[in-house]
Amino acid sequence: MNAVIPCTSAGPAARGGGGALDAAGPWRVATADPALEELTETLQALLSPHLPGRLLPTGDDGPTAHTLTLALGEEFVAPARRTVGVAPHGGAQPADEAYRLRVTADGVECLARTTEGVFRAATSAVQLIATAGTHGELPFQEVTDVPRYAWRGLMVDPARLFLTPDELRGIIDLAALYKLNVLHLHLTDNEGWRLELPSIPRLTESVTDGPAREFYTVAEFRSLQEYAARRFVTVVPEIDLPGHCRKLREAVPGLAEAPAPAGLKERFPFVPPLDLTDEATHAAVTRLLEEVCELTVGPFLHIGADEAFGATAESFAASVRELRAIVRGFGKSPVAWQESSRAGAEPRDIVQHWVDVPMMDLPDTEEELAARPELVSAGQTLAFIKALKKFFAPTDHDVERVVEAGGKVLLSPQSHLYLDRPYAAEFAPPEQAEAAGRLGFGNYRPLGVQHAAAWDPTTYAIPDACVAGVEATVFAEQFKGFDDVTVLLLPRLASVAEAAWCGRAPRWTEYRERLAHHGRLWNQRNLAYFASTEVPWIE
């Protein structure tokens with residue numbers, strides 16, 4: 001079954017039985033297996049926004065209620081699709097997420113060999129119930145399913161726009177409902193440092209405005225990880241180094257500057273990246289990363305390693321090697337943006353692919369620039385664009401370096417999976433014209449929902465053994481609040497989730513009909529979304 005669940009059909013690995021179940025309910029969540037009792041509580045919480053007044057309390061038998069039944073067992077044959085990629089839980093093999101879902105006259109049965117598989121089946125059931133609406137029906141059907149990619153992630157950017165713990169919990173729930181299993185938190189950047197480190201209190205003093213505390217305390221960070229784990233989502237924190245470090249420099253004065261290319265300081269302003277070969281700087285960063293690793297429950301720590309503007313190639317590579325070694329020394333596996341490949345790569349490295357020069361879609365002439373109003377209004381000049389292309393030229397070979405070394409590529413291409421791309425104005429309903437004009441990174445060509453849904457992860461010709469998985473990102477330049485985040489995520493996140501689960505792009509004409517029902521789900525969860533005119537939304 002797809003990540004965006006069909007409302008009238010069950011997907012490719014399905015059998016229909018004729019007839020339908022009234023979706024109105026009332027409903028209850030139940031299991032006969034003590035091993036699934038905690039999962040029952042989690043599903044009760046996920047379902048509650050979609051069944052106001054129609055979801056019975058845990059333990060209420062409700063003889064006339066439909067039952068969402070959770071069970072462990074072996075009585076099904078999963079589809080032949082093979083799951084590939086890196087397991088977010090840190091195991092040597094991907095988790096067994098295969099499941100069977102059956103809609104009958106009594107309710108919905110969720111069966112799998114593992115608790116995680118049962119949860120994936122149950123989130124399919126939640127989607128079916130939520131998108132059917134109060135007066136809808138769930139066709140009788142039987143579905144067996146299994147994911148294509150083991151790592152299915154979403155990155156959000158609290159560094160630039162602080163997201164409260166409650167807002168992050170809302171994003172975790174959304175990710176889980178669409179079968180995503182990684183929440184990557186971009187916690188640090190030039191604009192902010194959002195994780196409390198008791199040994200360096202000045203890091204978070206700079207993001208506290210009067211009574212407003214805009215960082216995660218140790219207790220909050222641990223609680224968020226626990227909340228995510230109950231929904232089978234692994235939290236991967238990112239501490240972005242050696243560049244993007246203004247807030248770190250303000251809190252820890254005297255950190256050594258990386259050697260810069262000759263003449264660069266005279267031409268462009270930049271925050272100097274760190275020099276990790278400097279003994280004092282190495283010691284300070286080691287203490288910092290040790291504390292972050294101690295706070296992180298999951299097996300991964302993202303070290304950034306992107307856009308280290310102002311460091312020579314040699315200095316950057318040396319710093320990346322040191323960062324990898326530090327993180328591994330504290331028992332975590334480093335993840336890094338694709339530029340890290342220039343420090344060398346080996347099979348255990350996970351490198352996040354986000355850009356190459358053709359993907360940047362930038363003009364080559366003044367005439368082409370004049371035809372790109374979003375670039376002109378952002379103040380871009382052809383000279384700056386040429387300098388930008390030169391700086392990013394090495395990205396064209398980053399993936400090649402990783403694959404040749406047998407490393408793992410996490411697919412996050414800017415072209416389709418950077419969900420901070422503006423929406424094209426022609427697809428904006430009148431009431432969202434302002435949002436369409438304001439939201440999104442100004443260097444990206446505005447496009448529609450169909451563009452994101454056309455992304456096919458197989459087009460990169462990367463061997464299965466070298467694919468870590470798929471991850472969408474939403475960076476937070478020019479955001480004003482949480483609604484801005486969800487408007488850029490939705491509806492496009494749903495198609496990314498579908499590609500990550502199914503391993504291919506959906507057929508647009510069929511997908512848009514399924515997607516049309518999901519506005520109901522987002523409304524029920526009080527999540528703002530972009531009601532693109534490309535989709536025939538059903539209220």
Side-chain angles (χ1 to χ4, degrees), residues 88 151-165 167-172 174-175 180 182-197 203-204 206-207 214-216 220-221 224-225 228 233-248 271 273-274 288-289 292-293 295-296 298 300-309 323 327 332 334-340 350-355 410-414 417-421 439-441 444 468-479 481-482 484-486 488-489 493 496:
W151 183 304
R152 305 179 302 278
L154 168 64
M155 190 221 79
V156 295
D157 181 14
R160 294 182 177 88
L161 174 74
F162 180 68
L163 300 170
T164 69
E167 289 168 343
L168 281 185
R169 281 188 277 270
I171 288 176
I172 290 167
L174 177 67
L180 301 177
V182 173
L183 179 65
H184 168 179
L185 296 177
H186 186 73
L187 291 170
T188 74
D189 214 299
N190 291 328
E191 293 82 356
W193 186 288
R194 305 298 181 177
L195 178 62
E196 177 188 30
L197 298 183
L203 280 170
T204 44
S206 61
V207 291
E214 294 193 336
F215 63 88
Y216 309 111
E220 287 171 338
F221 186 58
L224 282 167
Q225 292 177 90
V233 173
T234 298
V235 173
V236 177
E238 179 182 352
I239 306 299
D240 200 352
L241 297 168
H244 293 274
C245 59
R246 177 184 286 121
K247 289 301 178 184
L248 177 57
V271 177
L274 304 182
L288 179 158
L289 291 178
V292 176
C293 288
L295 294 176
T296 301
F300 298 101
L301 177 66
H302 203 299
I303 59 173
D306 64 313
E307 298 178 324
F309 188 75
L323 289 167
V327 169
K332 301 297 181 183
V335 183
W337 298 104
Q338 67 181 70
E339 292 94 321
S340 64
I350 301 174
V351 175
Q352 192 162 2
H353 172 48
W354 68 280
V355 71
L410 181 58
L411 292 170
S412 299
Q414 180 191 93
L417 270 60
Y418 267 48
L419 303 185
D420 52 335
R421 177 181 293 277
L439 291 176
F441 185 51
Y444 299 157
V470 170
E471 186 171 291
T473 76
V474 60
F475 285 97
E477 288 93 350
Q478 302 176 352
F479 282 18
F482 183 62
D484 287 354
V485 178
T486 63
L488 283 179
L489 285 178
L493 182 64
V496 177

Going from CG on L163 to CZ on R194, what distance comes out if it is rounded to the nearest 0.5 angstrom? 9.0 Å
Over all heavy atoms of both residues, which pair between L410 and E471 is shortest? Give the atoms and the distance, please. CD2-OE1, 3.9 Å
Where do P334 and K332 come nearest, in terms of heavy atoms and distance? CD-O, 3.7 Å
So which heavy atom on W193 is nearest to which on L288, and how close? CH2-CD1, 3.6 Å
Would you call C245 and D240 a side-chain contact if the rule is heavy atoms closer than 4.5 Å? no
Validation row, ring centre W151 to ring centre F300 under 6.0 Å: yes
Can a donor-acceptor pair be found, under 3.5 Å and without considering hydrogens, that links the side chain of Q225 to the backbone of L295? yes
What distance do L161 atom CG and F482 atom CZ have between them, rounded to the nearest 0.5 Å? 10.0 Å
L439 CG to E477 CD distance, which is reported to the nearest 0.5 Å: 12.0 Å
Sort out for me which residue in V474, V470, L493, T473 forms a side-chain contact (heavy atoms from CB on, under 4.5 Å) with L417. V470
Verdict with reasoning, E196 to T204, per side-chain hydrogen bond (donor to acceptor under 3.5 Å, both in side chains): CA-CA 6 Å; E196 177 188 30; T204 44; over 6 Å; no
Carefully, step by step, assess R160 and F475 under the rule side chain to side chain contact (heavy atoms under 4.5 Å, CB included). CA-CA 8 Å; R160 294 182 177 88; F475 285 97; 3.4 Å; yes
Hey, what's the ring geometry for Y444 with Y418, parallel, tilted or perpendicular (30° and 60° as the breaks)? perpendicular
Just how far is it from atom CD of Q414 to atom CZ of R421, taken to the nearest 0.5 Å? 6.5 Å
Which heavy atom in Q478 sits nearest to a heavy atom in D484, and how many Å separate them? O-OD2, 4.4 Å
Is a side-chain donor-acceptor pair under 3.5 Å present for E339 with W354? yes
Given side chain to side chain contact (heavy atoms under 4.5 Å, CB included), test V235 with L224 step by step and report yes or no. CA-CA 8 Å; V235 173; L224 282 167; 5.6 Å; no
Any side-chain heavy atom of L248 sitting closer than 4.5 Å to one from L274? yes
For a quick test of reading the model, state the closest non-hydrogen atom pair linking A472 to V496 and the distance between them. CB-CG1, 3.8 Å
Verify side chain to side chain contact (heavy atoms under 4.5 Å, CB included) between E238 and V236, making sure each step is shown before the conclusion. CA-CA 7 Å; E238 179 182 352; V236 177; over 6 Å; no
For a 4.5 angstrom cut-off between non-hydrogen side-chain atoms, does F479 reach L488? yes
Would you mind telling me which of Q352, H353, H184 makes a side-chain hydrogen bond (donor to acceptor under 3.5 Å, both in side chains) with S412? Q352
Does V156 form a side chain to side chain contact (heavy atoms under 4.5 Å, CB included) with L185? I'd like the steps, not just the answer. CA-CA 6 Å; V156 295; L185 296 177; 3.6 Å; yes
When rounded to the nearest 0.5 Å, the distance separating CD1 of I239 from CG of L323 is 11.0 Å
For residues L489 and L154, determine if any side-chain heavy atom of one lies less than 4.5 Å from a side-chain heavy atom of the other. yes
Check: Q338 and V355 side chains under 4.5 Å, non-hydrogen atoms: yes
Salt bridge (charged side-chain N to carboxylate O under 4.0 Å, His left out) evaluation trace for E191 with K247: CA-CA 7 Å; E191 293 82 356; K247 289 301 178 184; over 6 Å; no
Euclidean distance, L203 CG relative to T188 OG1, rounded to 0.5 Å: 9.0 Å
Please report the closest heavy-atom contact between V351 and S340, naming both atoms and the distance. CG2-OG, 3.9 Å
F441 backbone acceptor or donor facing D420 side chain under 3.5 Å: no
Side chain to side chain, L180 and V233, heavy atoms closer than 4.5 Å: no
What do you reckon, are the aromatic ring centroids of Y216 and F162 less than 6.0 Å apart? yes
